[in-house]
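Structure first, then comments.
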Amino acid sequence: MSEAARRAAYLGALGIDQWVPRRAVAVPAPLTAPVPAPAVASSVDGWSALEACVRDCVRCPLHRGRTQTVFGSGARRAEWMVVGEAPGAEEDRQGEPFVGPAGQLLTAMLGAIGLARDSVFIANVLKCRPPENRDPKPEEVAECLPYLAQQVELVRPRLILAFGRVAAQNLLGTEATLGSLRGTVHRFGPLNTPVVVTYHPAYLLRSPGEKRKAWEDLKFARQVHAGLPAAD
Ligand code: URA
């Protein structure tokens with residue numbers, strides 16, 4: 001399949017017929033995040049240690065119901081990092097994030113802005129599946145979020161895309177609605193990593209009429225990324 005055909009298929013999955021900007025979107029001013037100091041420890045050691053911690057984690061009761069933890073997948077020195085909510089049944093079974101129907105739409109959403117799924121790092125706020133796919137409890141997030149923070153420090157992405165209310169609220173430490181968090185560049189962690197939020201693909205599967213807004217968010221994220229200072 002040609003690149004153009006692949007892009008058209010991705011846009012089709014997003015409910016977008018063709019890539020026609022309806023109006024100019026203001027390009028945000030270049031972000032002037034401080035250049036982070038190089039990591040002292042080898043990131044290989046850091047990844048191995050973190051993977052072992054997550055694999056053996058019993059910090060909250062969710063470990064009792066899991067088949068396995070879902071650490072994250074993708075490129076470990078990625079420019080883009082995707083953050084979702086928590087593993088579902090299929091992710092718990094396979095040990096990989098976003099492998100169910102929502103994962104297929106996520107792949108299409110990334111492809112629509114020219115990102116191959118394996119070129120980004122994908123992780124969740126929670127590494128274990130909550131029963132019946134209920135929302136994560138605050139005490140579960142409190143135990144698990146430090147793992148995500150360490151992943152962000154190891155990947156050192158230039159931009160984080162937060163998919164859904166749970167990812168957005170917990171990354172940003174806010175109870176603001178997803179709608180009010182869209183269209184703005186937020187920041188996460190000691191590296192001040194830019195964060196752009198959009199709808200969760202599972203929500204978009206239930207509410208396809210919202211795909212247009214998600215497409216606006218993805219274009220915004222791409223513009224923010226393009227406006228970042230050159231990588232060191
Ligand atoms: N939903 C998520 O938020 N994460 C997954 O890994 C799968 C579905």
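For clarity, every value in this text was computed on a predicted model and none was experimentally measured. Both counts, for ligands and for their atoms, begin at 1 and track the order of listing.
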Is there a nitrogen or oxygen of A86 sitting under 3.5 Å from a nitrogen or oxygen of ligand 1?
yes
Before signing off on this row, confirm whether F98 and ligand 1 have an N or O atom pair separated by under 3.5 Å.
yes
Quick one: are the ring centres of Y147 and W47 less than 6.0 Å apart?
no
Is the closest side-chain donor-acceptor distance between T107 and R117 under 3.5 Å?
yes
Treating R182 as the side-chain partner and K213 as the backbone partner, does any N or O pair qualify as donor plus acceptor under 3.5 Å?
yes
Under 4.0 Å from any heavy atom of P97, which atoms of ligand 1 are there?
6 (O)
Regarding Q151 and K127, do their side chains bring together a donor and an acceptor under 3.5 Å, going by distance alone?
yes
From the options I160, V196, T193, L172, select the one residue that forms a side-chain contact (heavy atoms from CB on, under 4.5 Å) with H186.
L172
Measure the distance from atom 4 (N) of ligand 1 to every protein heavy atom, then report the residue, atom name and distance (to 0.1 Å) of the closest one.
N124 OD1, 2.8 Å
Using a heavy-atom cut-off of under 4.0 Å, does the side chain or the backbone of E85 touch ligand 1, or both, or neither?
both
Which atoms from ligand 1 have a heavy atom of G84 less than 4.0 Å away?
3 (O)
Suppose we screen for ring-ring contact (aromatic ring centres under 6.0 Å, His included). Which residues come up paired with F98, at least two apart in sequence or across chains?
H200
Report yes or no: does H200 have a heavy atom closer than 4.0 Å to ligand 1?
yes
